[in-house]
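The chain is numbered in sequence order, starting from 1. All values reported here derive from a predicted model rather than from experimental measurement.
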Amino acid sequence: MDSDILKPSVNGFEKEISVSERNTDHHDLRNKSLPMPASEQRYPNLTPKTSIKRYRWLAVPVIALLAACSGVQKNQSTSDTGIAGSQEVQLTAEDLLLLAQQSSFDQSQIYQLRAAEILAQEGKPNAALGILAKIHAYRLPFSLQKRFVFLSAELSLGTGEGWQALIALNNTGSLIYDRLTPAEQMSLTAYRAHAYGILGYHESSAREYLVLARQQTGLPAQQAYEQLWQSLLNITLDDIRTLMDSEEDRELLGWLDLARVRKEAANNLDQFNTELNRWLGQWSDHQGAQALPKDMAFLVEISRNPIQHIAVFLPQSGSLARAGNAIRDGIIATSVDARAQSAATPKLSFFDSNTMSLDELYRSAMAAGAEVVIGPLSKSKVSELQKRESLALPTLALNYGTHEKTVNPHLFQYAISAEDEASQAAVTAWQDGKKRALTLTPGSDWGGRALTAFETTWSEQGGTVAETAMYSNKTNLGLTIEKMLEVDKSERRWRRISQILDQKIEFEPRRRQDVDMMFLVATPATARQVKPALAFYYAADLPVYATSHLYNGKASPSRDQDLNGINFCDIPWFLENSSNLKHQITKAWPEETNHYGRLFAMGSDALQLAGRLRMLQALPDSKVYGATGALSMGADQRVQRQLEWATFVRGKPVMRQYLASPSTKNDG
């Protein structure tokens, strides 16, 4: 994006608009062109990492308004159009909201918008967003509609709330789009692309970035193409193939074909090179050929010097043996599948981490000629590795250690943890506009860790937890949910009133209204009790966000009807159906995959990651698109997993991108 879009700016207040001007503006938005006050500037674009604290640094102009109601210069004459008079005063957001309550409907919308602007300048984005959500933007004149859209988008995306951003952008934003300047149109497009992306609508995001790239030149265009590429890579391989069959835009078709090469052949570097050369020949005039994405170029480099030998440290005995064997079988099956596709695969040497010390393991691996290590699995051994200043070989540990910091640059940590999923549940719920949560988690160690991770991420974003409940196998889940929803309090109030009046009165219990979601960690049997209990206690409409523990990867529509409406995150291995490797593993180990399916997927990804560590280190924004998620290198060299989100519909998981888009929601 060009620099003038990204540069922070400050909106001044324009002159008041007369009744006749507002009405003309509202009824003829596309045909009448109104002059823009010289003082008016648009709001700057945001990036995903924009801090809420940023708003405190935006310069605040002196807000000089003239009194228009009782309590503020009562003796001054006023008009129906808003603030008039001769004495200049400074009004706060609270003053403006009071004015809004005492004004005509249209003028009230203007006062509310200005109150929201002040709150944003004061570093109170959540309060500002609360006001913006209540504004009927279609009743504002064009210049204020524009300010409403840009402020809504900036604050929403700055606080991670993609839904509210899209509601403003796809309704009022679309209404005024043709009347914006080219630079403002680019800003709106960038906001929309960002909002679609964080909500998981990656195809829509890619199309917006393509529009943005075509409107720009030089570095801004290049940056838009890079965002387009990342959006496409977040689309499933099945969907990429489907889109290619019907795509009419030739440039986008070329990008889709390149994304297919990236995702389809990444496990087979020989096939990758063949397919990439085919693509370069077919699309020689394409933007992607002129500037090949960095991760594609790095894969070419890796293919010229691949890892030849990998040592695997896994428990083959002891309490972790079954988990270790599932990971081992996932590694072996992936290697066999690659060889069946005529791909060159590294040699694998397996060592029992349960019977050998770390020093013995590394000596054995070095003697065998290994270049990289996968493992160990036990948390204690990973924690021991964290304390070492050097390692004989680059190591991809299959767990997180207990120490906060890792001093060794050759140690990478990759795990499937409940904490990761809980944090992503907090992020997704917040993006969906949720603010106040109930939590229902097991009273176990792992349930406690998931709860802590959720609460930490939730509070960092600004969310609050209204009530927390933990359960065990002895807990009456229905009564627990009734208490959380405070239905019992409603019933007690009814009984007390009936006793006071000494007569029977009509009564319908109500649940508490101060919560807008529930965070759930539960196995399938427990999770199936939650939605019926919520419905029984008048909370059928309360959204539920859950971790993957409620799904074992095998669709069971007849049994899972009671999960309908629950949103949950899970690995692509369980939500996508195109993996031939998954079908082969399930057929070979049907019983094991029922209990350890995610560990088979982890083994498959570990093999791919071991050969991509250099790329993830060198290109912080690059990802490995594997069976356990989109994998990238995070802080302290921990592999981060970006999971898929799905919702149960008719007893079956439906991925989020196949559900209704938020584009039709109303912004007031």
Q | For Phe454 against Thr439, the heavy-atom pair lying closest together | A | CE2-CG2, 3.8 Å
Q: State plainly whether the residues Asp295 and Arg262 are in salt-bridge range, i.e. N to O under 4.0 Å.
A: yes
Q.
Does this structure show an ion pair linking Lys405 with Asp636, if we count only N-O contacts that are shorter than 4.0 Å?
A. no
Q.
Just verifying a value: how many Å separate Asn399 CG and Leu385 CG, rounded to the nearest 0.5 Å?
A. 11.5 Å
Q. Going by atom types alone, do Gln341 and Asp337 pair a side-chain donor with an acceptor below 3.5 Å?
A. yes
Q | Donor-acceptor pair between Thr236 and Asp239 side chains, under 3.5 angstrom | A | yes
**Q.** Pair His309-Ser349, side-chain donor/acceptor within less than 3.5 Å
**A.** yes
Q.
Determine whether the aromatic ring centres of residues Phe519 and Tyr545 are separated by less than 6.0 angstrom.
A. no
**Q.** Closest heavy-atom pair and its distance - Thr402, Gln386
**A.** N-OE1, 3.2 Å
Q | From Thr406 atom OG1 to Gln637 atom CD, the distance as rounded to the nearest 0.5 Å | A | 8.0 Å
Q.
Can you confirm whether Met366 is buried at CE, in the sense that more than 12 heavy atoms of other residues, nucleotides or ligands lie under 6.0 Å from that atom?
A. no
Q: Could you tell me whether Glu644 and Arg656 make a salt bridge, using a distance below 4.0 angstrom between a side-chain N and a carboxylate O?
A: no
Q.
Could you check whether Thr428 and Trp645, counting side-chain N and O atoms only, form a donor-acceptor pair closer than 3.5 Å?
A. yes
Q | Exercise: do Asn234 and Ser231 side chains pair donor with acceptor under 3.5 Å | A | no
Q: Begin from the C-alpha positions of Trp589 and His595 and carry the test ring pair (Phe, Tyr, Trp, His ring centres under 6.0 Å) through to its verdict.
A: CA-CA 10 Å; Trp589 295 284; His595 300 285; over 10 Å; no
Q | Contact check, side chains of His194 and Tyr209, non-hydrogen atoms, under 4.5 Å | A | yes
Q | Salt-bridge criterion met for Lys435 and Glu161 (N-O under 4.0 Å) | A | yes
(Q) Looking at Asp359 and Arg363, is any side-chain nitrogen of the basic one under 4.0 Å from a carboxylate oxygen of the acidic one? (A) no
Q) Are Ser317 and Asp352 close enough that a side-chain donor and a side-chain acceptor fall under 3.5 Å? A) yes
(Q) When you measure from the centre of the six-membered ring of Tyr400, is the NZ or CZ of Arg638 closer than 6.0 Å and no more than 45° off the axis? (A) yes
Q.
Are Phe350 and Phe313, when compared by the centres of their aromatic rings, separated by less than 6.0 Å?
A. no
Q: Answer yes when Glu275 and Arg278 have at least one side-chain N-carboxylate O distance shorter than 4.0 Å, and no when they do not.
A: yes
Q: Using distance alone, with no hydrogens and no angle criterion, decide if Ser632 and Gln642 have a side-chain donor and acceptor under 3.5 Å apart.
A: no
Q. Going by an N to O cut-off under 4.0 Å, is there a salt bridge joining Arg650 and Asp560?
A. no
